[in-house]
Amino acid sequence: MVMRELAGKLKNSLLKLGLTPESASLEALELACFAAGIPRDRYFFSQERELPLRVSPEELTARRASGEPLAYIIGEWDFYGLTLKTDRRALIPRDDSVSVLELFLEKLPKCPGEILDLCTGTGCLGIAAAKERADIRAVLADLSPDALALAKENCSLCGLADRVSVVPADAFGKPPFEDGAFGGMICNPPYLRTEELDMKTPEPIMALDGGEDGLDFYRAVASGWKRVLKPGAPLCFEVGMGQDADVAEILQREGFSGVVTGKDLSGITRAVCAVK
Ligand code: GLN
């Protein structure tokens, strides 16, 4: 089977799983390249070639059918121009988070020194910030040792191991940093309400569970982590749909000022930022 036929076969199977024709085409190309072990941008030069496959199309389709996300199967996902390693150790980076990163970069002063990405997961936000801004160093923090190991691999993959480091930290605990250590902080915490969690999700539940009202992390971070920020430093949160007003109020109550928000591509307010 040449690559074109392999992609066609995969597309048909994905259509049967209920994917839209656009998604089925895109995923089929990704999976065909993954099966043949070639980078995506080589597909069009390889369409008429028959390549040895390291995994069968049947197995790939079965994994998709069982609910395994594409990003976990192919083991990488693009975020803000970076290709990051993705697997079950952390949440898959979402395009929604780009609006949070952009608002953070807009509010970050020049030469802020170190910035903190708390609840970093794959490391996508802190790594993308460091890639974008040569004047910063980033610290990626997470409670999950698995997520931290993945974030560390991603720092190296992106060639940023010299400016980005990883540190274990619990958002509900005492921050393991000095007062005023950071010139900015970005945070995409777990924010789903416990009752709305899908317990069968392949993504780590601890990266999604924001407590009874979904706001536990915002309260803990705004009150417990304020001291690690320099005066005037921005704190930028990703929020769930409809949580922006509550999060703005939490920030104001903790003494932050100048609340601004940003919308994601679907027009949902996804970023809430304020300064210490
Ligand atoms: N956006 C994710 C979802 O809806 C949630 C991410 C998070 O809790 N930080 O699945």
Side-chain angles (χ1 to χ4, degrees), residues 19 23 64 66-73 77-80 82 84-104 115-129 138 140-144 146-148 150-151 154 166 169-172 185-222 224-225 234-248 250-251 261-274:
L19 271 73
S23 301
R64 280 301 280 125
S66 76
E68 190 171 350
L70 179 66
Y72 285 169
I73 297 177
W77 205 245
D78 286 354
F79 179 78
Y80 210 67
L82 297 168
L84 299 169
K85 184 166 177 179
T86 46
D87 57 35
R88 285 179 183 266
R89 288 178 289 177
L91 212 65
I92 300 163
R94 315 274 207 270
D95 283 340
D96 298 344
S97 303
V98 169
S99 56
V100 186
L101 177 66
E102 286 180 336
L103 187 60
F104 178 66
I115 62 115
L116 175 65
D117 172 2
L118 183 61
C119 307
T120 193
T122 55
C124 61
L125 290 171
I127 292 173
L140 314 179
D142 206 292
L143 179 60
S144 155
D146 278 351
L148 276 187
L150 178 61
N154 278 324
V166 305
D170 179 358
F172 294 93
M185 178 167 161
I186 188 164
C187 178
N188 174 13
Y191 55 63
L192 300 181
R193 282 179 287 116
T194 304
E195 65 172 24
E196 68 179 328
L197 291 170
D198 166 11
M199 298 313 273
K200 289 202 289 290
T201 176
E203 294 187 292
I205 288 287
M206 73 177 278
L208 296 164
D209 186 358
E212 197 177 335
D213 66 355
L215 301 171
D216 283 1
F217 284 78
Y218 301 109
R219 284 184 286 260
V221 174
W225 289 69
L235 165 56
C236 198
F237 280 126
E238 175 166 329
V239 301
M241 193 165 47
Q243 291 176 329
D244 47 304
D246 287 334
V247 173
I250 290 168
L251 284 164
T261 59
K263 289 187 194 319
D264 67 16
L265 289 175
S266 319
I268 294 165
T269 300
R270 189 60 73 185
V272 178
C273 189

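Order of listing sets the numbers, starting from 1, for every ligand and every atom in it.
The only option from I127, T86, V166 that meets the side chain to side chain contact (heavy atoms under 4.5 Å, CB included) definition with N154 turns out to be I127.
Considering backbone and side-chain atoms alike, P189 places an N or O below 3.5 Å from some N or O of ligand 1. Note: no N/O pair closer than 3.5 Å links E203 and ligand 1 by distance alone. Close N/O approach between D96 and ligand 1 is not found [any backbone or side-chain N/O within under 3.5 Å]. The shortest N or O to N or O distance between Y191 and ligand 1 is below 3.5 Å.
A salt bridge links R219 and D213; the closest N-O separation between the charged side-chain nitrogens and carboxylate oxygens is under 4.0 Å.
Among all heavy-atom pairs drawn from G211 and D216, the shortest one is CA-OD2, 3.4 Å. Nearest heavy atoms, G240 versus R270: CA-NH1, 3.6 Å.
Neither the backbone nor the side chain of C119 comes within 4.0 Å of ligand 1, counting heavy atoms alone.
Closest to atom 4 (O) of ligand 1 among all protein heavy atoms lies L192 CD2, 4.1 Å. From the protein, the heavy atom lying nearest to atom 10 (O) of ligand 1 is R94 NH2, 3.0 Å.
Judged by distance alone, with hydrogens and angles left aside, the side-chain atoms of R193 form no donor-acceptor pair with the main-chain N or O of L197 at under 3.5 Å. The backbone N or O of D146 lies less than 3.5 Å from a partner atom in the side chain of S144, making a donor-acceptor pair. The backbone N or O of I92 lies less than 3.5 Å from a partner atom in the side chain of E203, making a donor-acceptor pair.
For the pair L91 and ligand 1, a heavy-atom separation below 4.0 Å is found.
The distance from ligand 1 to the heavy atoms of L208 drops below 4.0 Å at these ligand atoms: 5 (C), 8 (O), 10 (O). Atoms of ligand 1 lying under 4.0 Å from at least one heavy atom of A207, given by number and element, are 7 (C), 8 (O).
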